Amino acid sequence: QVQLVESGGGLVQPGGSLRLSCAASRSIFSSIYGMGWYRQAPGKERELVATITPGSSTNYADSVKGRFAISRDGAKNTVYLQMNSLKPEDTAVYYCTINARTWGEQGRQDYWGQGTQVTVSS
């Protein structure tokens with residue numbers, strides 16, 4: 001059962017832009033709290049890219065500040081990552097994550113998307 005559906009990755013030239021989306025199934029999640037994006041480049045550990053709270057407060061890795069923007073649409077249970085001025089070092093698999101409660105459960109857990117490849121190359 002797919003819980004988070006990511007889209008928007010691909011190949012882009014340096015300086016280009018991409019927009020990632022991650023939709024959380026309403027049939028699974030009753031409440032969504034924090035949302036965010038992480039990335040993992042080959043041979044490296046997974047690292048934080050950006051997070052957003054239910055009140056839309058944001059936090060960014062220093063490496064993406066001023067170039068990336070995270071946003072969320074509560075009505076659509078979706079988090080976005082607008083990536084501008086992309087660099088080759090942004091090449092990685094990007095994962096969305098949410099902290100959420102499922103229907104019928106009282107506790108909150110972290111859930112992860114399947115990942116989407118972003119390649120920045122000329």
Side-chain angles (χ1 to χ4, degrees):
Q1 188 177 18
V2 178
Q3 300 170 328
L4 301 177
V5 179
E6 298 183 25
S7 61
L11 173 65
V12 64
Q13 293 186 344
S17 297
L18 283 175
R19 189 193 194 206
L20 306 183
S21 299
C22 175
S25 173
R26 285 189 169 277
S27 66
I28 295 173
F29 300 107
S30 60
S31 301
I32 296 177
Y33 302 95
M35 308 179 86
W37 292 91
Y38 283 69
R39 68 186 181 186
Q40 187 167 20
K44 294 187 177 182
E45 294 185 353
R46 190 173 296 189
E47 63 175 3
L48 170 73
V49 177
T51 59
I52 186 167
T53 68
S56 294
S57 294
T58 58
N59 179 56
Y60 296 94
D62 288 342
S63 59
V64 306
K65 282 181 181 177
R67 300 188 298 121
F68 290 11
I70 189 171
S71 60
R72 62 191 290 168
D73 184 333
K76 296 181 179 180
N77 272 16
T78 299
V79 60
Y80 305 95
L81 185 68
Q82 178 67 43
M83 304 185 294
N84 300 324
S85 302
L86 282 161
K87 304 175 181 180
E89 51 263 44
D90 294 317
T91 296
V93 178
Y94 284 71
Y95 298 90
C96 70
T97 182
I98 66 171
N99 182 258
R101 179 181 292 118
T102 59
W103 293 104
E105 296 289 335
Q106 292 187 343
R108 294 159 52 171
Q109 296 185 50
D110 293 332
Y111 298 86
W112 293 85
Q114 79 281 5
T116 185
Q117 178 70 47
V118 171
T119 302
V120 184
S121 175
S122 55

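This is a predicted model, so every value here is computed, not measured. The figures here come from the full heavy-atom set of this structure, side chains too, leaving out hydrogens, waters and symmetry mates.
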May I have the step-by-step check of side-chain contact (heavy atoms from CB on, under 4.5 Å) for Ile28 and Tyr111, ending in yes or no?
CA-CA 11 Å; Ile28 295 173; Tyr111 298 86; over 6 Å; no
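- At distances below 3.5 Å, not a single donor-acceptor pair connects side-chain atoms of Arg19 with backbone N or O atoms of Gln82.
- Once rounded to the nearest 0.5 Å, the distance linking CG of Leu81 with CD1 of Ile70 reads 6.0 Å.
- The side-chain heavy atoms of Val49 and Met83, taken from C-beta on, include no pair separated by under 4.5 Å.
- Counting only heavy atoms from C-beta outward, the side chains of Arg39 and Ser63 approach each other to under 4.5 Å.
- In the hydrophobic clustering of ILVMFWY residues, with side-chain heavy atoms under 4.5 Å counting as a link, Tyr38 and Val118 come out apart.
- Placement of Tyr94 and Tyr80 in two distinct hydrophobic clusters is found when ILVMFWY residues are connected by side-chain heavy-atom separations under 4.5 Å, directly or transitively.
- In this structure, Arg67 CZ and Ser85 OG are separated by 7.0 Å, a value rounded to the nearest 0.5 Å.
- The closest donor-acceptor contact from the side chain of Ser30 to the backbone of Arg101 lies under 3.5 Å.
- Between Trp103 and Ser27, the closest heavy-atom pair is CD1-O, 3.3 Å.
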Full working for salt bridge (Lys or Arg N to Asp or Glu O under 4.0 Å) between Asp62 and Lys65
CA-CA 5 Å; Asp62 288 342; Lys65 282 181 181 177; 3.1 Å; yes
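- Closest approach of Ala69 and Tyr60 over heavy atoms only: CA-OH, 3.3 Å.
- In this structure, Arg72 contributes its side chain and Thr53 its backbone to a donor-acceptor pair below 3.5 Å.
- The minimum heavy-atom distance between Pro14 and Ser121, with the atom names listed, is CD-C, 3.6 Å.
- With a 4.5 Å cut-off on side-chain heavy atoms, Ser25 and Gln3 do not count as touching.
- What you find for Ala41 and Ala92 is that their closest heavy atoms are N-CB, 3.8 Å.
- Note: Thr91 OG1 to Gln117 CD = 7.0 Å, rounded to the nearest 0.5 Å.
- Taking CG of Leu48 as the reference point, atom CZ of Arg46 lies at 12.0 Å (rounded to 0.5 Å).
- Residues Val12 and Ser17 are not in side-chain contact: their nearest non-hydrogen atoms beyond the backbone lie 4.5 Å or more apart.
- Residues Leu4 and Phe29 have side chains in contact (heavy-atom distance under 4.5 Å, counting atoms from C-beta outward).
- Val93 places a side-chain heavy atom less than 4.5 Å from the side chain of Tyr95.
- To the nearest 0.5 Å, atom OG1 of residue Thr51 and atom CG of residue Asn59 are 4.5 Å apart.
- Surrounding CD of Glu45 are at most 12 heavy atoms belonging to other residues, nucleotides or ligands under 6.0 Å away.
- Looking only at side-chain heavy atoms (C-beta outward), Asn77 and Ile98 stay at 4.5 Å or farther from each other.
- For the residue pair Gly113 and Glu6, the shortest heavy atom distance occurs at CA-OE2, 3.1 Å.
- When side chains are defined from C-beta on, Ile32 does not count as touching Val79, because their heavy atoms never get closer than 4.5 Å.
- We find the OG1-CG distance between Thr116 and Leu18 to be 9.0 Å, quoted to the nearest 0.5 Å.
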